[in-house]
Amino acid sequence: MAMKGGFLDNLGKIYGIYTVGFIVFVIFLGISEAMFGMSPKTIGYVYMAVTIGLYAMIGILSRTAKVSEYYVAGRSVPAFFNGMATGSDWMSAASFIGMAGTIFTLGYDGLAYIMGWTGGYVLLAVFLGPYLRKFGQYTIPDFLGARYGGNAARSIGIIAAITASFTYLIAQVTGVGIIMSRFLNLDFTVGVFVGLGGILVCSMLGGMKAVTWTQVAQYIILIVAYLIPPTVMSYKATGNPISEIAYGQALQKIDAKEKAINADPKEVEVMALWKKSADELDADIKGLPGSLAAKKTALEAKLAALPATAAVAEKEAINKAITALPATPEIAKEKWSAAKTAALGKSKPMKPYLQPFARLDMKNMLALTFCLMVGTAGLPHILMRYYTVPSVKDARMSVGWSLFFIFLLYFTAPAVAAFGRSEVLNNIVGLPIAQLPAWMANWGKVGLVAFKDINADGILQWYELTIGPDAIVLAMPEIAGLPYVISGLVAAGGLAAALSTADGLLLTISNALSHDLYYKMLDPHASINKRLAMSRTLLVVTALIAAWVATYKITIIVELVAWAFSIAAASFFPALVMGIWDKRSNKAGALAGMYVGFFSCVIYMVGSRFYGLDIWGVKTISSGLFGIPLGFIVTYVVSRMTAPPSQELQDFVESVRIPRGAAKGVEE
């Protein structure tokens with residue numbers, strides 16, 4: 001498959017045929033399920049095999065040994081398709097799997113994610129995208145090294161790029177593991193490493209060239225998969241298939257049901273039991289380390305007291321309880337504190353879904369929106385996409401197309417959340433435990449749905465149910481009662497979203513190490529083959545490490561992504577913006593700003609998440625709130641206190657901001 005000439009001239013036709021072919025494939029599976037009884041397991045394996053096979057084929061056909069094609073796709077990607085590839089690169093597991101579920105949980109306050117992630121593209125269009133393309137580099141550390149001179153700025157750029165991208169990558173691999181474990185009935189850990197093959201085959205052979213054309217294919221699958229379930233659910237619930245318009249009716253049902261739940265005596269009874277549980281946990285926390293030792297001693301004594309004729313299951317249950325105890329008092333404190341917070345949340349009446357700042361106060365909602373906006377404009381794997389277009393004009397157009405393709409999903413996410421919550425509140429809550437739908441047990445096996453009859457009345461109350469945010473989108477077809485072929489389609493879409501972003505992130509990390517560190521700093525005379533071999537090797541190693549870390553299930557996907565955004569925002573955004581818009585900014589200022597921004601963000605992130613650090617009540621996910629302004633201030637002040645850049649460099653920076661033409665010495 002040549003990426004020049006004929007291929008580029010026929011992109012619309014090629015991907016049009018691909019889209020029609022994929023729709024026919026889905027219809028074929030639907031007929032096979034309805035008429036021939038194809039099993040869910042078979043459907044899952046067919047979806048995974050066909051889609052990953054498609055991505056592998058594109059990756060193989062796009063293989064290259066040319067540096068410009070490997071790093072920036074030969075700077076030949078049309079704006080429309082670069083916008084689609086960027087949308088796919090952007091539409092991570094967090095957007096596809098986690099965002100609607102987060103809105104399901106947070107209600108109005110969950111809109112911070114939509115406003116932040118879409119608003120960031122406005123910053124990209126205004127401040128960065130076209131100017132980075134005009135600068136004409138391969139990577140973001142490349143830009144920092146060229147703009148600020150020497151390897152010092154490049155080094156902090158490498159550190160920040162790897163840290164932000166690796167954190168983001170773990171979230172994608174976690175999403176892959178969830179999909180594989182649910183739809184292929186694989187253990188989560190096994191699913192992570194199986195999905196790893198799909199990630200590597202797309203990016204290892206052809207670099208950015210392969211990743212670009214794979215991401216276009218992945219976007220088509222993920223957007224089709226995302227839009228079908230809410231469209232069907234909207235039509236079934238309201239008679240209107242346009243879910244983005246019709247979900248207002250679902251919001252009315254949610255509001256009415258919430259009021260009924262808060263007034264239900266059975267729910268009040270469950271709330272009281274949760275309050276009792278919170279009080280017991282509080283006593284255990286205050287009694288550490290003795291309380292942990294006492295629990296272990298009591299369980300061991302219970303096990304020892306069992307008669308020899310006791311059932312094996314009873315012994316296993318006690319042993320399991322002993323194993324589940326926290327290993328140390330420190331871990332116990334963190335685990336029990338989280339459980340206490342959750343119990344306290346369920347001990348109070350439901351807060352209205354539509355009430356602003358009910359779950360995130362105004363300060364934290366605005367802080368999160370701000371960090372996500374700035375982080376969007378600072379993510380290396382997104383910024384790299386604007387190096388792949390032919391010209392500055394195409395870079396501007398790419399941002400517009402990117403926003404359009406992202407809009408299609410983000411405009412629908414609140415509807416997905418609303419219809420999902422309405423379905424759960426009105427058709428699941430209040431059912432006898434014995435009559436709960438099968439999807440709840442299926443997702444319970446993955447660990448994303450849990451329910452317990454706390455008051456032992458045989459009826460499911462709202463506060464006896466826990467649904468993880470990462471379950472809502474993937475479970476939506478089952479919640480809506482759609483054929484399993486649609487569930488498999490959504491899983492394929494989620495996998496496409498996770499794989500596309502993971503490819504971009506892996507490429508960012510391996511390029512930072514092989515191009516920016518190895519070639520630019522350690523061995524400038526390395527041959528092309530050696531550089532590409534190094535990049536591919538590092539790509540595999542990084543993927544394996546990310547998969548290993550993901551098996552620990554550190555936190556929910558959206559939270560992991562928010563961490564990555566704060567790191568990128570505090571590390572890169574001030575240096576990039578000042579590098580383009582303030583010709584007086586110099587190496588000393590940029591270095592100081594990047595180090596202060598990066599470390600202040602990471603220190604608060606770790607301190608608030610694990611050690612109780614609290615400044616103004618700002619939550620961990622908004623850690624960049626401190627690093628971003630500090631980065632700007634320190635860059636500006638230190639630059640003014642030290643010698644200015646050379647006049648030649650200042651003239652170059654000035655030329656970058658001229659709307660037309662190339663910057664001095666740089667080809668468009």
Side-chain angles (χ1 to χ4, degrees), residues 94-95 97-117 229-230 233-234 236-238 240 242-264 266-268 270-271 274 341-366 368-369 409-431 440 448-451 460-476 479-480 556 558-559 619 621:
S95 292
I97 299 175
M99 186 172 60
T102 299
I103 299 172
F104 174 97
T105 303
L106 296 180
Y108 177 94
D109 300 341
L111 296 178
Y113 288 93
I114 290 180
M115 293 187 296
W117 283 338
M233 184 174 277
S234 175
K236 289 174 65 176
T238 69
N240 184 348
I242 306 175
S243 62
E244 298 86 353
I245 296 174
Y247 78 92
Q249 296 180 44
L251 295 177
Q252 292 177 337
K253 292 181 180 179
I254 290 170
D255 188 58
K257 184 64 175 180
E258 286 175 340
K259 292 174 181 175
I261 285 175
N262 284 336
D264 185 353
K266 289 292 186 181
E267 288 286 355
V268 174
V270 172
M271 291 179 207
W274 278 114
T341 300
L344 284 173
K346 294 185 175 184
S347 69
K348 302 171 185 175
M350 291 177 71
K351 295 178 180 178
Y353 186 69
L354 299 178
Q355 179 182 327
F357 316 122
R359 296 162 180 84
L360 278 178
D361 57 68
M362 182 186 294
K363 172 179 57 186
N364 273 293
M365 184 176 178
L366 294 176
L368 177 58
T369 303
L409 188 146
Y410 278 40
F411 191 53
T412 308
V416 174
F419 281 114
R421 190 174 179 94
S422 178
E423 179 72 20
V424 170
L425 286 174
N426 289 287
N427 297 326
I428 301 299
V429 172
L431 280 179
M440 296 180 67
L448 293 179
V449 173
F451 50 90
L460 182 70
Q461 274 80 45
W462 169 251
Y463 279 141
E464 293 177 331
L465 172 64
T466 301
I467 299 180
D470 297 338
I472 296 302
V473 169
L474 294 175
M476 179 65 75
I479 295 173
I556 65 171
V558 168
E559 186 178 355
K619 296 184 181 296
I621 53 176

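Remember, predicted model here, so these are calculated numbers, not experimental data. Start at 1 with the first residue, then count along the sequence.
- Closest of all the heavy-atom pairs between S243 and P230 is CB-O, 3.5 Å.
- Contact detail for L425 and M350: the closest heavy-atom pair is CD2-CE, 4.2 Å.
- Residues F419 and A237 share a closest heavy-atom pair of CE2-CB, 4.1 Å.
- The number of heavy-atom neighbours closer than 6.0 Å to NZ of K363, taken from other residues, nucleotides and ligands shown, is above 12.
- Between D264 and W462, every side-chain heavy-atom pair lies at or beyond the 4.5 Å cut-off.
- Between atom OG1 of residue T102 and atom CD1 of residue I97 there is a gap of 11.5 Å, rounded to the nearest 0.5 Å.
- Residues meeting the ring pair (Phe, Tyr, Trp, His ring centres under 6.0 Å) test with F357, sequence neighbours left out: none.
- Rounding to the nearest 0.5 angstrom, the gap separating the CD1 atom in I428 from the CD1 atom in I467 is 8.0 Å.
- In this view, E464 satisfies the salt bridge (Lys or Arg N to Asp or Glu O under 4.0 Å) rule with no residue, not counting sequence neighbours.
- Shortest non-hydrogen contact noted between R359 and D109 is N-OD2, 2.7 Å.
- Residues passing the side chain to side chain donor-acceptor pair (under 3.5 Å) test with N240, sequence neighbours excluded: none.
- Legend: residues meeting side-chain contact (heavy atoms from CB on, under 4.5 Å) with Q355, ordered by chain and number and at least two apart, are P352, A358.
- With values rounded to the nearest 0.5 angstrom, Y247 atom OH is found 14.0 Å from I242 atom CD1.
- Counting all heavy atoms, side chain and backbone alike, T105 lies closest to P469 at OG1-CG, 3.9 Å.
- Between E258 atom CD and L354 atom CG the span is 7.0 Å, to the nearest 0.5 Å.
- Remark: T412 pairs with E244 by the side chain to side chain donor-acceptor pair (under 3.5 Å) rule, at least two apart or across chains.
- The CZ atom of F104 lies 8.5 Å from the CE atom of M476; values are rounded to the nearest 0.5 Å.
- For L366, the side-chain contact (heavy atoms from CB on, under 4.5 Å) partners two or more places apart in sequence, or in a different chain, are M362.
- Not counting sequence neighbours, the partners of Y410 by the side-chain contact (heavy atoms from CB on, under 4.5 Å) test are W90, M91, S95, M99, I114, W117, T118, I406.
- For K259, the salt bridge (Lys or Arg N to Asp or Glu O under 4.0 Å) criterion is met by D255, not counting sequence neighbours.
- More than 12 heavy atoms of other residues, nucleotides or ligands sit less than 6.0 Å from atom NZ of K346.
- Between D470 and G98 the shortest heavy-atom distance is OD1-CA, 3.8 Å.
- Checked against side chain to side chain donor-acceptor pair (under 3.5 Å), N426 has the following partners two or more places apart in sequence or in another chain: S422.
- Side-chain contact between L460 and M440 is present, with heavy atoms from C-beta onward closer than 4.5 Å.
- Rounding to the nearest 0.5 angstrom, the gap separating the CZ atom in R421 from the CD1 atom in I103 is 12.0 Å.
- Here K348 pairs with nothing under the side-chain contact (heavy atoms from CB on, under 4.5 Å) rule; sequence neighbours left out.
- Using a 4.5 Å cut-off on side-chain heavy atoms (C-beta onward), I479 and M233 make contact.
- Partners of S234 according to the side chain to side chain donor-acceptor pair (under 3.5 Å) rule, which considers only residues two or more places apart in sequence or in another chain, do not exist here.
- Considering only heavy atoms from C-beta on, L465 comes within 4.5 Å of V424 through its side chain.
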